[in-house]
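Read the structure below first, then the notes.
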There are 2 protein chains.
Amino acid sequence: MPRANEPGRTVSSRLWDLLFAFDPDHTELSLADLVRRTGIPHATARRLTLELVEAGALERTGDNRFAIGLRLWRLGTLAPRAETLRSAAQPFVEDLYTALRQHVQLAVLQGDQAVIIERLSAVNAVGLTSQVGGHLPLHCSGVGKVLLSHNSPEFIDEVLAGRLRRFTPKTIVDPAELRRELASCRSTGTVVVKEELSEGAESVATRIVDGTGRVVAALSVVVAAGSIKLQAAVPSLVASGLGLSRSLGWRPGIPIRTS
Amino acid sequence: MPRANEPGRTVSSRLWDLLFAFDPDHTELSLADLVRRTGIPHATARRLTLELVEAGALERTGDNRFAIGLRLWRLGTLAPRAETLRSAAQPFVEDLYTALRQHVQLAVLQGDQAVIIERLSAVNAVGLTSQVGGHLPLHCSGVGKVLLSHNSPEFIDEVLAGRLRRFTPKTIVDPAELRRELASCRSTGTVVVKEELSEGAESVATRIVDGTGRVVAALSVVVAAGSIKLQAAVPSLVASGLGLSRSLGWRPGIPIRTS
DNA sequence: ATCACTTCATCCGTTCAACGGACAGGGAAG
DNA sequence: CTTCCCTGTCCGTTGAACGGATGAAGTGAT
């Protein structure tokens, strides 16, 4: 006999539970997978999943599995902080990459992470695992430090008070030292990170500012540790960053907000 | 006194109505906008919209409006036919663009349209309005013809029986003539389109094949009409297309399926 | 200052969409 | 054959969803 449904749960929350069951390591899931990963009873999961397919949010693969649909991808394309920014940045990122032939990354802030919006990579450059759509920690990546340093004092306190994971022996996890770095980054607009996230990789990052003076993104170049290339990359990086900021409406004289 | 809710509508359908109210020309909408565009009563629209914000599918902009959220964008990133294909294609598209300095487009099939997955553009090249996430007609664009020609006979019949919109005087709308072109494209793998979609623009497109022999995408180069560049572009385009197909697991000898 | 208008927010009684346990069919493994 | 897992369907119960009414807040014209 049918039992009452669990109270306090909305249809919407269940739908997003199902969708967020997909991740970079699981881009295709069967109905049983979805049931296991979400805990939703399978009759319910099935009904909702089929509705998602009908809406175009999911697609069925040949072998009775589900994947994120093209229609949902196109929706994501409309996110002002992602694809719109990405296309504005495209020529600058492109030129920077052509000039340096090193990894170039563009990232924005989401929660307590830096999310990679765009990424160009040379085949012969340092190996990196990060992907477009992937995320980097705020306290020990170039883009992360830029985004963190230009946020509100309360937010900085919150992040520094949290767990600062040590990725390599060189990762800076001392809050006092990090604060000094962030202050420096705030005044210069750029920051250098050496092997704090992965050994053998160094990066420089710079801020991207919009017409209202808000720091909306960070642009970085990643090179092999110890190579002379890092110093050579700084001027081009800064120039590209300023160019992109200008194309977003920023002009010299517009104060850069640090709220 | 409260009236009964309209029957035959699911929560899910309303949620997607709200989300799909966003389009390239309307990336930010107020609650009132959403009510107007979807026809959903505002009390309902408000409740659902706030749930979408909570889930991260939408974000609130400063001025009480809503926009597609970064979380939804990241979900879209997991679509195998979009971002995954895009990153596999990146080096090839990149090299093709470097060699030719002309518009390069990568598209896949969705319904009766070709959806643009990736696009690199030269500043001094022909003006095009298409954007990443945008769509092109199947019967008069390079990528469209490639994708259409490698689909099932039933699908081709259906498209040719539908309305074939004339965009320019040169647009081919005669089904018989189109069938001849599609047959030629099926055997050679490439197709040339001259000013059928917009005057002053010509394009060459080639198919992209995966390890199972299925045509999963189309790659094209767009140049100014009448320029000698079109002929020069063909060999590089074909080479890049083959390279991308190989990286997707295709090998010479694997038959190309036309279902 | 007053009015007209738009947008956002909350309340609350009604009702149907959503729920999920039970069962059945199909295919693969032992 | 039996067991196990997965997908798909049925159907009685019930609380989440619904939306009209009402009011607050903001905007602009006269």
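All values below were derived from every heavy atom in this structure, side-chain atoms included, with hydrogens, water molecules and symmetry-related copies excluded. So that the names make sense, note that chain A is the first sequence line, chain B the second, and so on, each numbered from 1.
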Quick one: side chains of residues 63-75 of chain A, donor-acceptor pairs under 3.5 Å with protein atoms, not counting sequence neighbours, listed by atom name and distance.
residue: D63(A); atom: OD1; partner: T61(A); partner atom: OG1; Å: 2.7
residue: D63(A); atom: OD2; partner: R65(A); partner atom: NE; Å: 3.3
residue: N64(A); atom: OD1; partner: R60(A); partner atom: NH2; Å: 3.0
residue: R65(A); atom: NH2; partner: E28(A); partner atom: OE1; Å: 2.9
residue: R71(A); atom: NH1; partner: A55(A); partner atom: O; Å: 2.8
residue: W73(A); atom: NE1; partner: E83(B); partner atom: OE1; Å: 3.2
residue: R74(A); atom: NE; partner: G133(B); partner atom: O; Å: 3.0
residue: R74(A); atom: NH1; partner: Q110(B); partner atom: OE1; Å: 2.9
residue: R74(A); atom: NH2; partner: G133(B); partner atom: O; Å: 3.3

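A salt bridge (charged side-chain N to carboxylate O under 4.0 Å, His left out) check over residues 249-259 of chain A, counting only residues at least two apart or in different chains, returns nothing.
For the salt bridge (charged side-chain N to carboxylate O under 4.0 Å, His left out) test, residues two or more places apart in sequence or in another chain that qualify with D33(B) are R36(B). Take D23(B) and apply the salt bridge (charged side-chain N to carboxylate O under 4.0 Å, His left out) test, not counting sequence neighbours, and it matches R37(B). A114(B) meets the side chain to side chain contact (heavy atoms under 4.5 Å, CB included) test with A107(B), L136(B), L138(B), V143(B), L147(B); sequence neighbours excluded. For the ring pair (Phe, Tyr, Trp, His ring centres under 6.0 Å) test, no residue two or more places apart in sequence or in another chain qualifies with F167(B). With sequence neighbours excluded, the residues forming a ring pair (Phe, Tyr, Trp, His ring centres under 6.0 Å) with F20(A) are W16(A), listed by chain and number. Under the salt bridge (charged side-chain N to carboxylate O under 4.0 Å, His left out) criterion, R179(A) pairs with D157(A), sequence neighbours left out. Take E118(A) and apply the salt bridge (charged side-chain N to carboxylate O under 4.0 Å, His left out) test, not counting sequence neighbours, and it matches R86(A).
Ranked by how close their nearest DNA chain D nucleotide is to the 5' end, S12(A) and F66(A) are led by F66(A).
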Give each protein N/O atom lying under 3.5 Å from an N/O atom of nucleotides 25-30 of chain C, with the pair distance.
none

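Near DNA chain D, meaning a heavy atom under 4.0 Å from it, residues 32-49 of chain B has P41(B), H42(B), A43(B), T44(B), R47(B), L48(B) in order of number.
Rotation axes derived from the C1' atoms of the five outermost pairs at either end of the helix from dA1(C)-dT30(D) to dG30(C)-dC1(D) lie 40° apart, to the nearest 10°.
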